[in-house]
Amino acid sequence: MNLILLGPPGAGKGTQAQRLEESEGLVQLSTGDMLRAAVASGSEIGRIAKPIMEAGNLVPDDVMVTMIEQRIDRSDCANGFILDGFPRTVAQAESLDDMLRRTGRRLDAVIEMAVDDGILIERISGRFACADCGAGYHRRFRPTAVEGVCDRCGGTEFRQRPDDNEETVKTRLAAYHAQTEPLLPYYREQGILRSVDAMAGIDDVAARMREAVGAARA
Ligand code: AP5
């Protein structure tokens, strides 16, 4: 099964992709994580992406398409993947369609995570992650069980993303509305768009996501 999670910054795509990865046995492909790894490694792609990400804008389509094409080709994606953060423009969606057609694969569902803009700033500004294993948390909505200690690896160092500040989030939201929202009618026309109300708590949204995936499997 091949899925796309579509939603604005802070909608919970990463949080829910990790849960679906475990429950459905799929591989999460987060283009944001791939880009952050490229920035950390100082690669050519990282050098291109760093200032664009820090400003909250979108990295050029050709860079993103090449990156995802190479990743989808790897053997761990053979049983299915969850795209988290890709595609983000109609041009990226068209390239993905071509890529899947060429390799005899298809998308089973595109799940829109619908959230009002008003709560996104709070979700994003409270987000932090373990510096060792990358496990994601939120100061209010998903704190560590023991304060200052990662639930997953016991690490005690945490970090915040440089693009998680109010000003950049506004630019990221504007980019979502202008460049990514047109994907909703694009996938609706293909008959594979499902919408999940993602305003509830993490566990309730997870239950709705599993329901949407189950309906797509049926
Ligand atoms: P990316 O890393 O993809 O960021 P994003 O789309 O802005 O999404 P986020 O990671 O901020 O949010 P999320 O929806 O995953 O929310 P999360 O689960 O963490 O991209 C970063 C940048 O890279 C882009 O701006 C762009 O520059 C570039 N880029 C990436 N892909 C690209 C592409 N294809 N083309 C061009 N450029 C690209 O949740 C947020 C917080 O809320 C967490 O703390 C979580 O614990 C909490 N939370 C989650 N769900 C709930 C809930 N239901 N209730 C309460 N709290 C919740």
Side-chain angles (χ1 to χ4, degrees), residues 4-21 28-39 45-46 48-69 71-72 82-93 95-96 111-130 134-144 151 158-165 167-181 183 196-209:
I4 292 176
L5 302 192
L6 199 59
K13 302 181 295 294
T15 303
Q16 297 300 336
Q18 279 171 17
R19 295 215 174 183
L20 288 173
E21 190 172 37
Q28 175 195 11
L29 305 180
S30 158
T31 42
D33 286 349
M34 290 177 208
L35 288 169
R36 281 182 285 278
V39 170
I45 288 180
I48 296 169
K50 188 171 187 280
I52 299 173
M53 293 171 80
E54 282 175 357
N57 294 313
L58 294 187
V59 174
D61 288 336
D62 56 336
V63 174
M64 298 314 303
V65 168
T66 306
M67 177 181 264
I68 211 73
E69 204 161 32
R71 184 62 189 86
I72 281 182
I82 308 164
L83 284 168
D84 157 13
F86 184 95
R88 261 173 150 101
T89 64
V90 170
Q92 291 181 15
S95 297
L96 177 66
I111 305 180
E112 177 202 10
M113 300 186 65
V115 183
D116 294 344
D117 283 5
I119 65 159
L120 296 174
I121 304 263
E122 187 186 11
R123 283 200 187 170
I124 288 176
S125 56
R127 170 168 54 188
F128 64 97
C130 173
Y137 299 99
H138 189 281
R139 273 199 290 275
R140 180 164 159 221
F141 303 125
R142 172 68 180 92
T144 53
D151 294 356
F158 295 90
R159 55 178 160 70
Q160 269 200 298
R161 278 168 44 176
D163 60 344
D164 276 355
N165 59 76
E167 196 190 331
T168 308
V169 171
K170 283 184 185 152
T171 309
R172 286 161 60 195
L173 259 179
Y176 177 78
H177 290 307
Q179 292 168 275
T180 308
E181 250 173 17
L183 294 179
V196 163
D197 176 354
M199 292 288 286
I202 293 173
D203 290 341
D204 288 339
V205 176
R208 292 172 193 173
M209 298 294 288

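First listed ligand is number 1; within each ligand, the first listed atom is number 1. Everything quoted here is computed from the prediction, not taken from an experiment.
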### Task
Give me the one residue out of Asp84, Ile4, Ile82, Ile72 that meets side-chain contact (heavy atoms from CB on, under 4.5 Å) with Leu29.
Ile72
For [atom], which protein heavy atom lies nearest, and how many Å away is it?
atom: atom 37 (N) of ligand 1; value: Val59 N, 3.1 Å
atom: atom 42 (O) of ligand 1; value: Arg123 CB, 3.5 Å
atom: atom 47 (C) of ligand 1; value: His138 CD2, 4.0 Å
atom: atom 16 (O) of ligand 1; value: Gly12 N, 3.2 Å
atom: atom 22 (C) of ligand 1; value: Met53 CE, 3.9 Å
atom: atom 35 (N) of ligand 1; value: Gln92 NE2, 3.0 Å
atom: atom 34 (N) of ligand 1; value: Gly85 O, 2.9 Å
atom: atom 39 (O) of ligand 1; value: Thr15 OG1, 3.7 Å

Measure from [atom] to every heavy atom in [options] and give the option owning the shortest one.
atom: atom 1 (P) of ligand 1; options: Arg208, Lys13, Arg88; answer: Arg88
atom: atom 28 (C) of ligand 1; options: Thr168, Ile119, Leu35; answer: Leu35
atom: atom 43 (C) of ligand 1; options: Arg127, Arg140, Gln16; answer: Arg127

### Summary
Nearest heavy-atom approach of Arg142 to Gly136 is CG-O, 4.1 Å
### Task
For residues Asp163 and Val169, report the shortest heavy-atom separation together with the two atoms involved.
O-CG2, 4.0 Å
Is the contact between [X] and ligand 1 made by the side chain, the backbone, both, or neither, using heavy atoms and a 4.0 Å cut-off?
X: Met113; result: neither
X: Tyr137; result: backbone
X: Asn57; result: backbone
X: Pro8; result: backbone
X: Arg172; result: side chain
X: Met199; result: neither

### Query
Are the side chain of Lys13 and the backbone N or O of Gly7 linked by a donor-acceptor pair below 3.5 Å?
yes
### Query
Is the shortest side-chain N to carboxylate O distance from Arg19 to Asp203 below 4.0 Å?
yes
### Message
Any salt bridge linking Asp164 with Arg172? Criterion: basic side-chain nitrogen under 4.0 Å from a carboxylate oxygen.
### Response
yes
Would you say [X] touches ligand 1, if touching means a heavy atom closer than 4.0 Å?
X: Arg161; result: yes
X: Gly126; result: no
X: Gly10; result: yes
X: Ala11; result: yes
X: Pro87; result: no
X: Ala200; result: yes

### Query
Any N or O on Asp164 sitting closer than 3.5 Å to an N or O of ligand 1?
no
Can you list the atoms of ligand 1 that are under 4.0 Å from a heavy atom of [X]?
X: Arg36; value: 2 (O), 21 (C)
X: Gly201; value: 53 (N)
X: Thr31; value: 30 (C), 31 (N), 32 (C), 34 (N)
X: Val205; value: 53 (N)
X: Gly14; value: 13 (P), 15 (O), 18 (O)

